[in-house]
Amino acid sequence: MAFEFSAPHHLELADARARLHALGDYLGNKYGLTITWTGENTASVTGSYLVVTVQGTLELGEKTVTFSGKDPGMLWRGKAKDYLLGKIEKYLNPGTPVDSLPRR
């Protein structure tokens, strides 16, 4: 089963990209996830936190950010989606300056 969700954004691509890089730094520093940018607007996300394995792709589009990857399982699916979607929405909030976004 695929695990996929999207979040809309209203940012210029360069600003959205900088914010997603900040989010990648945060997830790497806080949870040990590996975020590898495989293209200008595409990142591979891998790792595990507690019992949840994270493996997928983050795609930045003109108006949306989409995560698609391995389903973490029925018990963790909702929590993982809520957490990741919440972080993406927080980091793409134009009211928050990119320099003030946590990276640790």
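FYI, the numbering just counts along the sequence from 1.
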Identified side-chain contact (heavy atoms from CB on, under 4.5 Å) partner of Asp71 from the options Arg77, Gln55, Glu4: Arg77
Distance in Å, Lys70 NZ paired with Thr53 OG1, rounded so as to fall on 0.5 Å steps: 4.5 Å
Straight-line distance of Arg19 CZ to Leu60 CG, nearest 0.5 Å: 12.0 Å
CG-CZ distance between Asn41 and Arg17, expressed to the nearest 0.5 angstrom: 4.5 Å
Interatomic distance, Leu101 atom CG to Asp25 atom CG [nearest 0.5 angstrom]: 10.5 Å
Closest non-hydrogen atom pair, Ile35 against Gly24: CD1-O, 3.7 Å
Pro102 side chain reached by Lys90 side chain, heavy atoms, under 4.5 Å: yes
Rounded distance (nearest 0.5 Å) linking atom CG of Leu23 with atom CG of Leu58: 7.5 Å
Backbone N/O of Leu92 and side chain of His10: donor-acceptor pair under 3.5 Å: no
Ala7: partners by side chain to side chain contact (heavy atoms under 4.5 Å, CB included), with sequence neighbours left out: Leu85, Ile88, Glu89
Atom pair CZ/CG of Phe5 and Asp82 - distance to nearest 0.5 Å: 9.5 Å
Exceeds 12 heavy-atom contacts within 6.0 angstrom, atom NZ of Lys87: yes
Please list every donor-acceptor pair under 3.5 Å in which a side-chain atom of residues 42-49 meets a protein atom from a residue at least two apart or in another chain.
from, atom 1, to, atom 2, distance (Å)
Thr42, OG1, Glu59, OE1, 3.3

Residue pairs involving residues 27-37 (criterion side-chain hydrogen bond (donor to acceptor under 3.5 Å, both in side chains); sequence neighbours excluded): His21-Trp37, Tyr31-Tyr83
Donor-acceptor under 3.5 Å (Ser100 side chain, Pro97 main chain): yes
Cluster link Val51 to Leu75, ILVMFWY, side chain under 4.5 Å: yes
Minimum heavy-atom distance Leu11-Pro94, with the two atoms named: CD2-CB, 3.7 Å
